[in-house]
Amino acid sequence: MAIPTTWSFSPTTSVARPRRVSRFSGVAMASASANVENVKVTKGLGDLPKVILTSVHGRCCIYRAEAHQHGFARNMNWSIVSSENVEGNPTITLELKDGPYSRAMWDYGFQALYKVTLGRNTLSTELKVTNTDEKPFSFTTALHTYFSALVTGASVRGLKGCKTLNKHPDPKNPVEGKEERDIVTFPGFVDCVYLETPGELQLDNGLGDVITIKNTNWSDAVLWNPHLMMEACYKDFVCVENAKIGQVQLEPSESWTAVQHLSVA
């Protein structure tokens, strides 16, 4: 089971802005209402649900997807199980459980909780997957995270020495390698998996911001930019995605949790 998620983060320093394109059009979204003033459920493009977290420091948007890549979770309705405001920082927790749609593809009982907190120049996410079945299962997952950027000036530090699986030009037969660069850039089409990455990466978005990407239990990362495949917008963003490429094995009642923390210097 894959549980890819997408959100956009736009604090006052403009880390990212809402965007909808086919590769990362959003996360499956909430079907219930929020009960905190700065957590709103509304409609996005195509009348698909959208949740907006707002604080004095910025805004975070979470979208419902209509896509058939990267697993089934992004195509399903999530429910809002809690929303709160702690010292001006809005927090929302979304829940996804198995149902007929998921069971048709992956016949296991599960619960996924996705918690998002917007702070001052920070955004934190926590994904917790629990096996509610009577038999063990395994899954993979990734956060399809994209950042507003000037692609010609964007770069990532912290990946030197990592094993790579380069999915360009043939995504079905990735080429194994090792990252030798101190600074990884986006000179053209990029679709590369980095294995066993460190707990902290730094993204220079080419717009004057340096974004620190910290994680716990996300063992891998993916860099992506479509280049001319999406000529209208590829110059305006890059993807630096925390991922768990290897299978996570859960026995009945066991859980797996991964945390991501973004901050702007």
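- A salt bridge links Lys135 with Asp133: the distance from a Lys NZ or Arg NE/NH1/NH2 to an Asp or Glu carboxylate oxygen falls below 4.0 Å.
- Transitive grouping of hydrophobic side chains (ILVMFWY, heavy atoms separated by less than 4.5 Å) keeps Ile92 and Val259 in distinct clusters.
- In this structure, Tyr114 OH and Thr93 OG1 are separated by 11.0 Å, a value rounded to the nearest 0.5 Å.
- Thr145 and Glu241 share no donor-acceptor pair across their side chains, judged by distance under 3.5 Å alone.
- Val190 is not listed as a side-chain neighbour of His227, based on a closest heavy-atom distance of 4.5 Å or more.
- Residue Glu87 places its CD atom among 12 or fewer non-hydrogen atoms of other residues, nucleotides or ligands, all under 6.0 Å distant.
- The shortest side-chain heavy-atom distance between Tyr108 and Glu134 does not fall under the 4.5 Å cut-off.
- In this structure the side chain of Ile52 reaches within 4.5 angstrom of the side chain of Thr42, judged on heavy atoms.
- Atom CG of Asn166 and atom CG of Leu223 lie 10.5 Å apart (nearest 0.5 Å).
- Taking OG of Ser148 as the start and CG of Asp209 as the end, the distance is 8.5 Å to the nearest 0.5 Å.
- Side-chain heavy atoms closer than 4.5 Å link hydrophobic residues (I, L, V, M, F, W, Y) into clusters, and following such links, even through other members, never connects Val86 to Val39.
- In this structure, CG in Leu96 is found 13.5 Å from CZ in Arg74, a value given to the nearest 0.5 Å.
- A salt bridge between Glu176 and Lys163 is present, with a side-chain N of the basic residue lying under 4.0 Å from a carboxylate O of the acidic one.
- Partners of Arg157 under the salt bridge (Lys or Arg N to Asp or Glu O under 4.0 Å) rule, at least two apart in sequence or in another chain, do not exist in this structure.
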- Task: Output, in order, the C-alpha distance, side-chain angles, deciding distance and verdict of side-chain contact (heavy atoms from CB on, under 4.5 Å) for Leu150 and Lys235.
- Result: CA-CA 6 Å; Leu150 177 64; Lys235 297 178 182 179; 5.7 Å; no
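- A donor-acceptor pair is defined here as one N or O able to donate and one able to accept, closer than 3.5 Å; such a pair exists between the side chain of Asn225 and the backbone of Tyr234.
- In this structure, the side chains of Val116 and Leu123 come closer than 4.5 Å at one or more pairs of heavy atoms.
- With respect to Ser124, the side-chain hydrogen bond (donor to acceptor under 3.5 Å, both in side chains) criterion is satisfied by exactly one of Lys115, Lys214, His261: His261.
- Between atom CG of residue Leu207 and atom CG of residue Asp236 there is a gap of 8.5 Å, rounded to the nearest 0.5 Å.
- Using a 4.5 Å cut-off between side-chain heavy atoms of Ile, Leu, Val, Met, Phe, Trp and Tyr, with links allowed through other members, Phe186 and Ile183 fall into different hydrophobic clusters.
- Legend: residues meeting side chain to side chain contact (heavy atoms under 4.5 Å, CB included) with Gln111, ordered by chain and number and at least two apart, are Glu95, Lys97, Leu113, Thr130, Thr132.
- The two residues Thr140 and Gln247 make their nearest non-hydrogen contact at CG2-NE2, 3.6 Å.
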- Query: Would Ile80 and Val51 count as a side-chain contact (heavy atoms from CB on, under 4.5 Å) if you check the C-alpha gap in whole Å, the side-chain angles of each, and the deciding distance to 0.1 Å?
  - Reply: CA-CA 10 Å; Ile80 297 175; Val51 166; 4.3 Å; yes
- For Thr197 and Leu159, what are the C-alpha separation, side-chain angles and deciding distance, and is it a side-chain contact (heavy atoms from CB on, under 4.5 Å)? CA-CA 7 Å; Thr197 54; Leu159 293 169; 3.8 Å; yes
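- By the 4.5 Å heavy-atom criterion applied to side chains, Val129 and Thr141 are not counted as neighbours.
- Closest approach of Trp78 to Ala73, counting heavy atoms only: NE1-O, 3.2 Å.
- Counting all heavy atoms, side chain and backbone alike, Pro198 lies closest to Gly158 at CG-O, 3.1 Å.
- Formation of a donor-acceptor pair under 3.5 Å by the Asp98 side chain with backbone atoms of Ser102 is not found in this model.
- Note: Ser263 OG to Ile211 CD1 = 9.0 Å, rounded to the nearest 0.5 Å.
- Within the 4.5 Å cutoff, the side chain of Val193 has heavy atoms near those of the Ile245 side chain.
- Hydrophobic clustering, with ILVMFWY side chains joined whenever heavy atoms are under 4.5 angstrom apart, keeps Val210 apart from Phe237.
- Checked against side chain to side chain contact (heavy atoms under 4.5 Å, CB included), Arg181 has the following partners two or more places apart in sequence or in another chain: Glu179, Val184, Thr185, Tyr194.
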- Carefully, step by step, assess Gln260 and Asn242 under the rule side chain to side chain donor-acceptor pair (under 3.5 Å). CA-CA 8 Å; Gln260 174 180 248; Asn242 278 318; 2.9 Å; yes
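- The aromatic rings of His168 and Phe189 sit tilted, their planes meeting at an angle between 30° and 60°.
- More than 12 non-hydrogen atoms from other residues, nucleotides or ligands lie less than 6.0 angstrom from CD of Glu254.
- In this structure the side chain of Leu201 reaches within 4.5 angstrom of the side chain of Val240, judged on heavy atoms.
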- Message: As a quick check of understanding, evaluate side-chain contact (heavy atoms from CB on, under 4.5 Å) for Thr125 and Leu143, giving each step before the final call.
- Response: CA-CA 10 Å; Thr125 68; Leu143 300 179; 3.7 Å; yes
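- No option in Phe110, Phe137, Phe139 other than Phe139 meets the ring-ring contact (aromatic ring centres under 6.0 Å, His included) test with Trp256.
- For the pair Asp220 (side chain) and Glu196 (backbone), a donor-acceptor distance under 3.5 Å is present.
- Not one N or O on the side chain of Asn205 forms a donor-acceptor pair closer than 3.5 Å with the backbone of Ala154.
- In this structure, the side chain of Asn131 engages the main chain of Leu250 through a donor-acceptor pair within 3.5 Å.
- Shortest non-hydrogen contact noted between Gln249 and Ser138 is OE1-CB, 3.5 Å.
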